[in-house]
Amino acid sequence: MKRKMLKLLPVAAAMTLVGLSAQAFEFHGYLRSGGGSTLGKNGGQTCFQLPGAYSKYRLGNECETYAELAADQDLFEGKDGVKFVYHGRLAYISDQQQDFESFKGNGRDAALRENWIEAKELPFAGGGTVWAGKRFYERNDVHINDFYYWDTSGYGAGIQDVKLGDTLKFSYALFRNGNSSESATTRHDFRLGGIGLGGYGDLTVGLQLNTADATSAAKAAGQDNGGQAITVQHFMGGVLGGFNKFAVQWGKGSARNLVFAYPDNGQDEASKTFRVVEMLQWQINPSFSGMATFVHQDQKDNYKWTSFGVRPVWHVSDYFKVQAEYGYDQVTPTSGDDINRQTRRLSKFTIAPTIVAGRGFWARPELRLFYTYAKWNDAARDLWGGVAGGTSGRFGSDTNGSTIGFQVESWW
């Protein structure tokens, strides 16, 4: 009986896939994985990030396996075009140590990233989409340093892309964050997109309003502060065969950190942060593409962070390219004692010959070999645990280091 059941399993699996396909099932995902070594030092690969910087430049500078598996499933489709769709996404991260790695442990974890349903083309929704659940929401990032500068994802509900005239679209989302058992945040996200500027691209304007509720104990500890944030983003397509984005952001109170999905109710409501982000992605011809970015962030009475980087890509053929990446980060504290006022600096350079599935900056999968060199100053080594563990880490009193390795990256 057991053997018969085993023989029937492939048939059952195939029938399941056929059934899902008939109901418009789609499978998506993302992965990156690899391995490396730190030159001249014992142990595995080292990754370099400046203490206080929100991100690091990625090429040849990622020390983990990370994967996302996502599924979209049509649940209902009416004759009038109304459609209900389910979206789910699981993620996994590990520290690239062993053949068999459990989902939990040192450097390993699994997470539910998305679990939501949307209703499209409802006749009373003005052409917008009504949704509810846990989701990635209107995320904007700089790819080369994985910097999600405008990301309000989380548990919520809302209506998205309601048409207002020919080009304008309005969206509203309500999110709820359980910061702890003592304090929580309600986030209101308003966006108006498609503000045309003639032949000069378009604008999107976003407003986030945070309100906090807390127990008496949390209020006494100052964990009940609200906050606000404003983002104005300009988008221009067709620039050097790619696009350009420029964003100006301001936040205060619980939105001061401008990490919108993670509000901090303990921040004073008078605390403010200002940020500008510039990103250019180009595809000048089939043989030359790339991306460049600049970020400046001023967290008032705390510190200033400046970052710029570039990743040029030379496509030798349809299946081989050589890419390089240079990134620079600088953090200047503006409060604290004299030692904490020292400016921290980190530069990173990578060269990576790459096997790739086609031409173009966004072509994937990629299978890379890489060499990375990083250099930092004494303040970056000594403060906040320092680059690569500071003086107690692998590089000790050194202020530079190199790694080599391989990596695969893909999305579908």
Using every non-hydrogen atom in the two residues, find where [X] and [Y] come nearest and quote the distance to one decimal.
| X | Y | result |
| --- | --- | --- |
| Tyr328 | Tyr57 | N-CE1, 3.8 Å |
| Val356 | Ala363 | CG2-O, 3.6 Å |
| Arg381 | Gly396 | CD-O, 3.6 Å |
| Thr354 | Ala352 | OG1-O, 3.1 Å |
| Leu50 | Ala380 | CD1-CB, 3.5 Å |
| Tyr137 | Ser171 | OH-CB, 3.5 Å |

Distance alone, cut at 3.5 Å: any donor-acceptor contact between the side chains of [X] and [Y]?
| X | Y | value |
| --- | --- | --- |
| Thr46 | Thr403 | no |
| Glu182 | Gln223 | no |
| Gln267 | Ser254 | no |
| Arg187 | Thr152 | no |
| Asn265 | Thr185 | yes |

[X] side chain near [Y] side chain, heavy-atom distance below 4.5 Å:
| X | Y | answer |
| --- | --- | --- |
| Asn257 | Thr273 | no |
| Met291 | Thr293 | no |
| Ile144 | Leu59 | no |
| Tyr148 | Val259 | no |
| Arg176 | Thr186 | yes |
| Arg58 | Arg311 | yes |
| Leu369 | Pro353 | yes |
| Arg344 | Pro333 | yes |

Audit row: Trp411, His28, side chain to side chain contact (heavy atoms under 4.5 Å, CB included) steps and yes/no: CA-CA 8 Å; Trp411 50 72; His28 307 282; over 6 Å; no

Table please: side-chain donor-acceptor pairs of residues 157-164 below 3.5 Å, with sequence neighbours left out.
| unit_1 | atom_1 | unit_2 | atom_2 | d |
| --- | --- | --- | --- | --- |
| Gln160 | OE1 | Arg135 | NH1 | 2.9 |
| Gln160 | NE2 | Glu138 | OE2 | 2.8 |

Measure centre to centre between the rings of [X] and [Y], then say whether the value is under 6.0 Å.
| X | Y | answer |
| --- | --- | --- |
| Tyr172 | Phe190 | yes |
| Phe175 | Phe260 | no |
| Trp282 | Phe288 | yes |

Worked verdict on Phe320 versus Val322 for side chain to side chain contact (heavy atoms under 4.5 Å, CB included): CA-CA 7 Å; Phe320 182 76; Val322 177; 3.9 Å; yes

More than 12 non-hydrogen atoms from neighbouring residues, nucleotides or ligands closer than 6.0 Å to [atom1] on [X], yes or no?
| X | atom1 | result |
| --- | --- | --- |
| Lys245 | NZ | yes |
| Lys134 | NZ | yes |
| Asp301 | CG | no |
| Lys219 | NZ | no |

Given Glu366, Arg32, Glu62, the one that forms side chain to side chain donor-acceptor pair (under 3.5 Å) with Gln407: Glu62

Point-to-point distance, once rounded to the nearest 0.5 Å, from [atom1] of [X] to [atom2] of [Y]:
| X | Y | atom1 | atom2 | answer |
| --- | --- | --- | --- | --- |
| Asp72 | Phe27 | CG | CZ | 11.0 Å |
| Gln45 | Ile404 | CD | CD1 | 10.0 Å |
| Asp298 | Tyr303 | CG | OH | 9.5 Å |

Non-neighbouring partners of Lys348 that pass side chain to side chain donor-acceptor pair (under 3.5 Å), sequence neighbours left out: Glu325, Thr350

Can [X] and [Y] be counted as an ion pair, charged N to O under 4.0 angstrom?
| X | Y | answer |
| --- | --- | --- |
| Arg256 | Glu269 | no |
| Lys120 | Asp74 | no |
| Arg364 | Glu409 | yes |

Test side chain to side chain contact (heavy atoms under 4.5 Å, CB included) applied to Asp146 and Ser55, step by step: CA-CA 7 Å; Asp146 214 21; Ser55 61; 5.8 Å; no

Hey, can you tell me if [X] and [Y] have their rings parallel, tilted or perpendicular (30° and 60° cut-offs)?
| X | Y | answer |
| --- | --- | --- |
| Phe147 | Tyr149 | tilted |
| Phe361 | His143 | perpendicular |
| Trp116 | Trp131 | perpendicular |
| Trp376 | Phe395 | perpendicular |

Test side chain to side chain contact (heavy atoms under 4.5 Å, CB included) applied to Leu122 and Val130, step by step: CA-CA 8 Å; Leu122 293 169; Val130 179; 3.8 Å; yes

Distance under 6.0 Å and angle within 45° of ring axis: Arg139 vs Phe136: yes

